[in-house]
Amino acid sequence: MTDRATQLLDWYDRERRDLPWRMEPGQNADPYKVWMSEIMLQQTTVASVKSYYKAFLEKWPTVQDLAGAELDEVLHLWQGLGYYARARNLHKCAVEVTRQYNGRFPEDEKRLLDLPGIGPYTAAAIASIAFGNKATPVDGNVERVVSRLFKVEEKLPKAKKKLAELAQTLTPQTRAGDFAQAMMDLGATICTPKKAACGLCPWMKECEARLKADPTDYPRKEAKKPKPTRTGYVFWLTRKDGAVLMRRRPEKGLLGGMMEFPSSDWQEKALSRQEAQRKAPAPALWSELEGTVRHTFTHFHLELKVLKGRISGNPPTTGVWVLPENLQDYALPTLMKKVVKKIFENR
DNA sequence: CAAGCGTGGTC
DNA sequence: TGACCAAGCTT
């Protein structure tokens with residue numbers, strides 16, 4: 001075992017955080033729980049994940065339970081966590097593990113990689129954390145820690161391969177799972193993007209970036225493209241009994257499979273209200289609510305104006321009529337919750 | 001392989 | 001207050 005790995009594992013044994021999906025030392029990890037937490041933690045903070053993790057484990061304690069659920073139930077419980085393709089793949093993966101592997105996750109990275117929603121990081125995380133195999137999951141934390149430890153000048157994302165190779169050289173033959181979690185804990189609590197707590201770092205004395213530069217200047221990154229702003233109109237259409245019209249978004253793409261209120265296209269070139277109303281789900285006397293619903297996605301900003309109307313004539317054939325008090329029964333993305341909030345503010 | 005894909009917290 | 005960032009995957 002390298003000196004560095006020993007230093008980090010010693011630190012981890014002292015400072016290890018107690019997380020819901022983390023087993024006590026010496027206990028066997030449950031691959032289902034490791035998998036569930038790793039999927040949820042993709043691009044998502046520990047603080048956000050905790051309550052979702054508990055809710056999912058309580059509702060579906062085993063992978064077979066999850067495989068038996070309806071996709072809509074899964075999307076519903078996932079609402080607000082974002083990146084909804086994860087929820088769709090989570091369900092698909094549970095079905096595959098149940099059918100192809102008799103409910104037991106495969107142990108090796110290669111077969112884990114074949115499962116939906118499991119990429120190089122997650123395959124290595126499950127292999128090491130759940131099964132104790134020597135594997136090196138490389139996430140944003142590991143990239144940051146390694147880029148500082150070795151003061152890597154090459155910029156991300158180009159540097160990914162080099163950083164992964166350096167991380168592998170650090171991984172010890174035994175306790176690879178603990179080592180992986182230690183690396184991520186270090187990145188999450190000490191070797192943070194801004195204001196790193198170097199004084200508390202087990203690698204303080206050998207960190208090249210600390211010795212020769214400012215660690216927070218690493219990893220180097222390519223400049224990001226600016227986010228455009230798209231705009232559109234969203235329609236809050238009610239009928240006599242107060243029910244509002246909703247529809248399900250297509251399976252693929254943005255907010256796939258989630259429920260929404262009908263809207264015009266969202267585009268960078270602003271639509272006039274006149275043009276937008278032609279895209280309404282039904283003819284109605286529309287009144288525009290004051291203000292704007294703002295939301296930022298990964299690659300664009302969105303500003304929606306809300307048009308409120310009451311059905312006159314024949315109702316649209318597509319869509320679902322939902323009483324506002326029953327909105328909680330449906331999988332609403334945060335954007336659509338903001339629309340609901342705007343409506344209730346204006347009543 | 002670059003782009004698409006959410007959301008909430010932080011500074 | 002707006003940009004940055006978080007235990008990435010898919011196409």
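What you see below is based on every heavy atom in this structure, not just the backbone, and it leaves out hydrogens, waters and symmetry mates. Order of the sequence lines sets the chain letters (A, B, ...), proteins ahead of strands, with each chain counted from 1.
- Positionally, the nearest nucleotide of DNA chain C for A:Lys224 lies more toward the 5' end than for the other of A:Ile118 and A:Lys224.
- With ring centers used as reference points, A:Trp78 lies 6.0 Å or more from A:Tyr52.
- If you check every strand for non-hydrogen atoms under 4.0 Å, A:Pro116 touches sugar and phosphate atoms only.
- Nucleic acid contact class of A:Thr122 (heavy atoms, under 4.0 Å, all strands): sugar-phosphate only.
- Applying the salt bridge (Lys or Arg N to Asp or Glu O under 4.0 Å) test to pairs two or more places apart or on separate chains, those with a residue in residues 226-244 of chain A are A:Arg239-A:Asp241.
- The outermost nucleotides of DNA chain B lying under 4.0 Å from heavy atoms of chain A, listed 5' to 3', are B:dA3 to B:dG8.
- Remark: aromatic rings of A:His299 and A:Phe297 are distant, center separation not under 6.0 Å.
- Put simply, CG on A:Leu156 is 13 Å from P on C:dG8, counting in whole angstrom units.
- C:dA7 atom P lies 13 Å from atom CD1 of A:Ile129, rounded to whole Å.
- The pair A:Glu288-A:Arg273 counts as a salt bridge, with a side-chain nitrogen and a carboxylate oxygen less than 4.0 angstrom apart.
- A:Thr334 comes within 4.0 angstrom of the backbone, heavy atoms only, and of no base.
- Spacing between C:dT10 and B:dG8 at atom P, rounded to whole Å, works out to 24 Å.
- In this entry the distance linking CD1 of A:Ile126 with C1' of C:dC9 reads 13 Å, nearest Å.
- A:Arg17 comes within contact range of at least one nucleobase, with a heavy-atom separation under 4.0 Å.
- C:dA3 sits 22 Å from C:dA7 when the C1' atoms are compared, rounded to a whole Å.
- Side-chain N/O atoms of A:Arg86 and base N/O atoms of C:dA7 include no donor-acceptor pair closer than 3.5 Å.
- Classified by interplanar angle (parallel below 30°, tilted 30° to 60°, perpendicular above 60°), the ring pair A:Trp236/A:Phe261 is tilted.
- Comment: A:Arg148 does not engage A:Asp214 in a salt bridge, judged by the lack of any side-chain N to carboxylate O separation of less than 4.0 angstrom.
- For A:Arg16 and A:Asp185, the salt-bridge test fails: no basic side-chain N is under 4.0 Å from an acidic carboxylate O.
- Residue contacts shown for A:Pro137 are absent, as no nucleic acid heavy atom lies under 4.0 Å away.
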